[in-house]
Amino acid sequence: MNLRSLLLISLLCLFCAIMQEPSFAKDELDSSYAQSTSSYTNYRDCIKLYKLPFSKLFFLALSSAEANKYEILEMQSRNGYIIFKADNREFLLSVMKKDKNYTFLKLTPCDNNYYFSSLIPQKIFNYINSHFNAEVKELKF
């Protein structure tokens, strides 16, 4: 082999190595794509004050999670906690009493990572807003 063919083969190998996509770059692209599909949700968009008593807002929040087809994992009515799963992530809905007429509803991701779809709190709050005047009835068995 002469020097010219050796140089040509070396350049061809170098070109092939450069054009081949490394596997670590593909993994980084996949993870960046996953993060771009779910955007950062501002924590201020995850809390709302309602002019409702504590118990009514708790039942409306529970109904909202069920109506949006989120998987309810745990709930505690005395303290106003609802843990549910949406988009393969767990969220905590907290109902917090301000006074006898006003109550806060707060949505918090359980891992405290606010990179999730802003549709989740919007769906929760929209359901409650649309059923604000609904009557909550006690069922007796």
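None of these values were measured; they are calculated from a predicted model. If you read the sequence from its start, that first residue is 1, and numbering goes on from there.
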Tyr40 reachable from Ile120 in the ILVMFWY side-chain graph, under 4.5 Å edges: yes
Shortest non-hydrogen separation from Lys97 to Asp99 and the atoms involved: CG-O, 3.5 Å
Neighbour count above 12 (heavy atom, 6.0 Å) for Tyr81 OH: no
In one Ile/Leu/Val/Met/Phe/Trp/Tyr side-chain cluster, 4.5 Å: Leu92, Tyr50: no
Spatial distance of atom CZ (Phe54) from atom CZ (Phe59) [nearest 0.5 Å]: 9.0 Å
Shared hydrophobic cluster, Tyr43 / Val95 (ILVMFWY, side-chain heavy atoms < 4.5 Å): yes
Asn42 side chain vs Arg44 backbone, donor-acceptor pair below 3.5 Å: yes
Shared hydrophobic cluster for Leu60 and Phe132 (ILVMFWY, side-chain gaps under 4.5 Å): yes
Heavy atoms of other groups near Lys106 NZ, more than 12 under 6.0 Å: no
Min side-chain heavy-atom separation Phe125-Leu105 under 4.5 Å: yes
Asn126 CG: over 12 foreign heavy atoms closer than 6.0 Å: yes
Min side-chain heavy-atom separation Asn129-Lys48 under 4.5 Å: yes
Separation of Leu57 CG from Met96 CE (nearest 0.5 Å): 9.5 Å
Phe84 vs Leu107 side-chain heavy atoms within contact, under 4.5 Å: yes
Spacing of CD belonging to Glu90 relative to CD belonging to Glu71, to within rounding of 0.5 Å: 8.5 Å
Any Pro121 side-chain heavy atom under 4.5 Å of Thr41 side chain: yes
Inter-residue atom distance Met75.CE - Leu93.CG, 0.5 Å rounding: 12.5 Å
Inter-residue atom distance Lys51.NZ - Lys56.NZ, 0.5 Å rounding: 12.5 Å
Centroid separation Phe116 to Phe91 less than 6.0 Å: yes
Pair listing, salt bridge (Lys or Arg N to Asp or Glu O under 4.0 Å) test, anchored in residues 113-130, at least two apart: none
same_hphob_cluster(Phe104, Ile124) at 4.5 Å side-chain heavy-atom cutoff: no
Side chains of Phe58 and Ile82 in contact at under 4.5 Å (non-hydrogen atoms): yes
Within 6.0 Å of OH in Tyr102, more than 12 heavy atoms from elsewhere: no
Expected output: side-chain Asn113 to main-chain Tyr115 donor-acceptor under 3.5 Å: yes
